[in-house]
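To start, the structure under review is shown below, and the notes come after it.
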Amino acid sequence: MREIETPERVNAASFLLDRHLAEGRGDNVALVCRESSYTYREVQAQVNRLGNGLRDLGVEIENRVLLLSPDVPELVFGLLACMKIGAVPIAANVLLPPEDIGYILQDSRAKVAIAHDSLAPVVQGLRPSLPHLCHLVVIGAAGDGQRGYRDLVDGSGEELAPADTRGDDAAVWQYSSGTTGAPKGIIQMHKNVLWYYRAYAEAFLGVTERDRFLSVAKLFFGYGQGNSLYISFGAGATTILMPDRPEPRTIAELITRERPTVFAGVPTAYNALLQLPDLTEAYDFRSVRLFLSAGEALPPAVQERWREAWGTDIVDGIGCTECFHIFISNRPGDVVPGASGRLVPGFDARLVDEEEREVGPGEIGNLLIRAGCVASGYWGKHRRSQRTFLGEWVKTGDKFSRDEDGLFRFAGRGDDMIKSGGIWVAPVEVEATLSGHPAVLECGVVGAPDPDNLIKPKAFVVLREGWSPSGALTRELQQFVKVRIAPYKYPRWIEYLPKLPKTATGKIQRYKLRGATIEAT
Ligand code: 3UK
């Protein structure tokens, strides 16, 4: 492991924010969002006021604070303010249905929630079942029993000393979906922010304070939080926020107007951009020196079409929330289509078989990662933690091969989890939902490639007696899923089967369903 020193006591918010004022970067633009922009000095003022306001509400070191908002500046202020007072912010996925938000609030025992006014009713509705939640702060118009974000900030002082946190204290939790669908709180420490910045942003990408970052992945995903906060703010660079849905025209217009130098996308977004018939005529992407991709496998065809369109590579890298961010990546100027690249210096990898024996070059094994930025575990899930955090090593759940030159190739997941558009979909959750429909006797869900080789959920359904397959039933079942769990989890295709392939013990053999049309016997 390459030695990257991090101090014994450190506060991530001081590193990401206060350091820039101390070192003369206070007038750099930190944030751009629609018509507003904030320098680092202005961000610090907002963060200090909010930090004081949160303390006045009773938030203490180690308390969790839930943040539920699209990517607006207040979400960044919230993340930094909590870290600065030693509290632990959790930016929850706004696309999740209320039950899942409730789960995260329960699981984390958040004391305060800060919600955008479009989402505040969700939290308000959950309050009676949340004994630990003392305050709901609303970004926008606050209702009865709620606190207004603006009032809280305006009524608080601008001086705030950072909490004297250890490098090993929790800085932030990131919730990521598990195999059962229930999200797991992944505990990131203050030192991880520094370690990762040094290893990847500074040494590997060569990020500078003149860079301008635009991320398709939102702040509530690990990938987005890394791009828009830890990497960009680490450098004293500019983060361009996109509160809107990541539609291809919205993204293309924003790149053209705001001229980012680093664009971090997911393969599904690159592919959607390439579908715009006027992409290269109507939009100008020449400001971008780095097009990054992560979150799901990048099909070589998307890579090639991007190169034809813009004359530039997409730099694919693989990361995971447990390991903070990207750990294997192509290099700008040395991109191998279809490969994930090489280890980011500072990270170590092992590829092992089921008995934990090292596999040889070219052979497929389970990927384990070691680094100074891995999470300390899953909150309140000891057994799950023990299966993933193996001493110094993290079991990523990914299958990879590595050639003699150290080039890694992704070979799929070791479990049944689906990565679609860079977002997790747990087959078990979709199956359980579909099974609630009266027509469904049983079903199996797997990831299947669409015509562009991007993986999307597909369901195999066995119907109850009296029901027969039809286009109308397919649409009904898809809608049934969409309204019950996060809409992006719905099956894009449904295939009807007389029975499902199963093991002797009755477990669905999803590997038999994967990528294949099962013979209807
Ligand atoms: C899959 C990829 C193929 C892989 C993430 C960058 O995606 C991120 O974190 P998650 O915890 O998911 C991790 C899993 O997603 N994956 C990610 N990138 C790729 N598969 N090619 C890729 N390039 O299964 C991995 O284990 O949601 C990505 C930075 C921070 C992140 N948190």
Worksheet item: Just by modelled atom types, is the G236 backbone N or O under 3.5 Å from a matching donor or acceptor in the R25 side chain?
Response: no
Worksheet entry | 4.5 Å side-chain heavy-atom contact, T261 and L290 | no
Item to complete: Could you tell me whether the side chain of Y223 and the main chain of G265 form a donor-acceptor pair under 3.5 Å?
Response: yes
Discussion item. Restricting to non-hydrogen atoms, name the atom on S232 and the atom on Y40 that form the minimum distance, rounded to 0.1 Å.
Written reply: O-OH, 3.6 Å
Discussion item. Which label fits Y38 and F77: parallel for a plane angle under 30°, tilted from 30 to 60°, or perpendicular past 60°?
Written reply: perpendicular
Discussion item. Looking at every heavy atom in both A170 and I187, which two are closest together, and how far apart are they?
Written reply: CB-CG2, 3.7 Å
Item to complete: Determine whether R245 and T250 make a side-chain contact, defined as any pair of heavy atoms from C-beta on separated by less than 4.5 Å.
Response: no
Worksheet item: Can you say whether the rings of Y197 and F15 are parallel (under 30°), tilted (30 to 60°) or perpendicular (over 60°)?
Response: perpendicular
Worksheet item: Salt-bridged, E247 to R249, with N to O below 4.0 Å?
Response: no
Fill in: K395 atom NZ, over 12 foreign heavy atoms within 6.0 Å
no
Discussion item. Show the nearest heavy-atom pair for residues I314 and S293, with the distance to one decimal.
Written reply: CG2-CB, 3.4 Å
Worksheet item: Checking H190 side chain against A12 main chain: does a donor-acceptor pair fall under 3.5 Å?
Response: yes
Discussion item. Contact between I114 and E74 at the side-chain level, heavy atoms closer than 4.5 Å - yes or no?
Written reply: no
Worksheet entry | Worked check of side-chain contact (heavy atoms from CB on, under 4.5 Å) between H116 and L68 | CA-CA 6 Å; H116 191 264; L68 189 63; over 6 Å; no
Discussion item. Quick check on E159: does its CD atom have over 12 non-hydrogen neighbours (other residues, nucleotides or ligands) under 6.0 Å away?
Written reply: no
Worksheet item: Do side-chain atoms of K456 reach the backbone of D450 as a donor and acceptor pair under 3.5 angstrom?
Response: no
Item to complete: Quickly, which of D18, N11, T165 forms a side chain to side chain donor-acceptor pair (under 3.5 Å) with K84? Name it, please.
Response: D18
Worksheet item: With side chains defined as the heavy atoms from C-beta onward, is the minimum distance between L96 and Y175 less than 4.5 Å?
Response: no
Discussion item. For the CZ atom on R127, are there more than 12 heavy atoms of other groups (residues, nucleotides or ligands in this structure) within a distance under 6.0 Å?
Written reply: yes
Fill in: Reference residue P97; test side chain to side chain contact (heavy atoms under 4.5 Å, CB included); the match among L95, I101, D100
D100
Fill in: side chain to side chain contact (heavy atoms under 4.5 Å, CB included), paired with F233, selected from V193, L31, L79
L31
Response to the item:
Looking only at heavy atoms, the pair that brings A113 and V123 closest together is CB-CG1, 4.0 Å
Fill in: Test item: I418 and V445 side chains (from C-beta on) under 4.5 Å apart, heavy atoms
yes
Practice prompt. Check the pair Y230 / W195 against ring-ring contact (aromatic ring centres under 6.0 Å, His included), numbers first and verdict last.
Written response: CA-CA 11 Å; Y230 307 125; W195 194 98; over 10 Å; no
Practice prompt. Report yes if some heavy atom in the side chain of Y283 is under 4.5 Å from a heavy atom in the side chain of I255; otherwise report no.
Written response: no
Worksheet item: Between the main-chain N or O of T321 and the side-chain N or O of Q188, is there a donor-acceptor pair closer than 3.5 Å?
Response: yes
Worksheet item: Is there a donor-acceptor pair closer than 3.5 Å between any side-chain N or O of N52 and the backbone N or O of G157?
Response: yes
Worksheet, complete the sentence: All heavy atoms of C33 vs all of D71, minimum pair found to be SG-O, 4.1 Å
Item to complete: First locate atom CZ of R9, then atom NZ of K191, and finally report the distance between them rounded to the nearest 0.5 Å.
Response: 14.0 Å
Item to complete: Would you confirm whether Q478, through its side chain, and R492, through its main-chain N or O, come within 3.5 Å as a donor-acceptor pair?
Response: yes
Fill in: Whether S215 side chain and S228 backbone form a donor-acceptor pair below 3.5 Å
no
Worksheet entry | side-chain contact (heavy atoms from CB on, under 4.5 Å) between F263 and F285, intermediate numbers included | CA-CA 10 Å; F263 174 75; F285 288 8; over 6 Å; no
Discussion item. Tell me whether the rings of F480 and H437 are parallel (<30°), tilted (30 to 60°) or perpendicular (>60°).
Written reply: perpendicular
Worksheet item: Can you tell if the side chain of I328 reaches within under 4.5 Å of the side chain of F410, non-hydrogen atoms only?
Response: no
Practice prompt. Could you walk me through whether F324 and Y200 pass ring-ring contact (aromatic ring centres under 6.0 Å, His included), step by step?
Written response: CA-CA 11 Å; F324 201 74; Y200 176 77; over 10 Å; no
Worksheet, complete the sentence: So CD1 of I240 and CD of E258: to nearest 0.5 Å the spacing works out to 5.5 Å
Worksheet item: I90 and side chain to side chain contact (heavy atoms under 4.5 Å, CB included): which partner among L66, L105, L67?
Response: L66
Worksheet item: Hey, is the main chain of N271 close enough, under 3.5 Å, to the side chain of Q275 for a donor-acceptor pair?
Response: yes
Item to complete: Starting at OG1 of T268, measure out to CG of L454 and round the result to the nearest 0.5 Å.
Response: 4.5 Å
Discussion item. Any non-hydrogen side-chain atom of R147 less than 4.5 Å from a side-chain atom of V138?
Written reply: no
Worksheet item: Any salt bridge between R286 and D284, counting N to O under 4.0 Å?
Response: yes
Discussion item. With side chain to side chain donor-acceptor pair (under 3.5 Å) as the criterion, how do Q44 and R41 come out once you've worked through the C-alpha distance, each side chain's angles and the decisive distance to 0.1 Å?
Written reply: CA-CA 5 Å; Q44 194 195 48; R41 195 181 311 286; over 6 Å; no
Worksheet item: Does D154 pair with R49 as a salt bridge, N-O distance under 4.0 Å?
Response: no
Worksheet item: Measuring from L219:CG to Q174:CD, what's the distance to the nearest 0.5 Å?
Response: 10.5 Å
Response to the item:
Value for CD1 (I61) from CD1 (I85), rounded to nearest 0.5 Å, stands at 9.0 Å
Discussion item. For a side-chain contact (heavy atoms from CB on, under 4.5 Å) check, start with the C-alpha distance between V76 and T239, then their side-chain angles and the critical distance, and finish with the verdict.
Written reply: CA-CA 10 Å; V76 174; T239 293; 5.9 Å; no
Item to complete: May I ask you to decide whether D244 forms a salt bridge with R34, counting only side-chain N to carboxylate O separations under 4.0 Å?
Response: yes
Worksheet item: Stepwise, does the side-chain contact (heavy atoms from CB on, under 4.5 Å) test hold for S37 with V32?
Response: CA-CA 4 Å; S37 80; V32 174; 4.2 Å; yes
Discussion item. Please report the interatomic distance NZ(K218) to OG(S69), rounded to the nearest 0.5 Å.
Written reply: 10.5 Å
Discussion item. Distance to the ring centre below 6.0 angstrom and angle to the axis at most 45 degrees; does that hold for K419 and W424?
Written reply: yes
Worksheet entry | Non-hydrogen atoms of C373 and N192 that approach each other most closely | O-ND2, 3.0 Å
Discussion item. Using only atom types and a distance under 3.5 Å, with no angle test, would you say the side chain of Y196 pairs donor to acceptor with the backbone of I326?
Written reply: yes
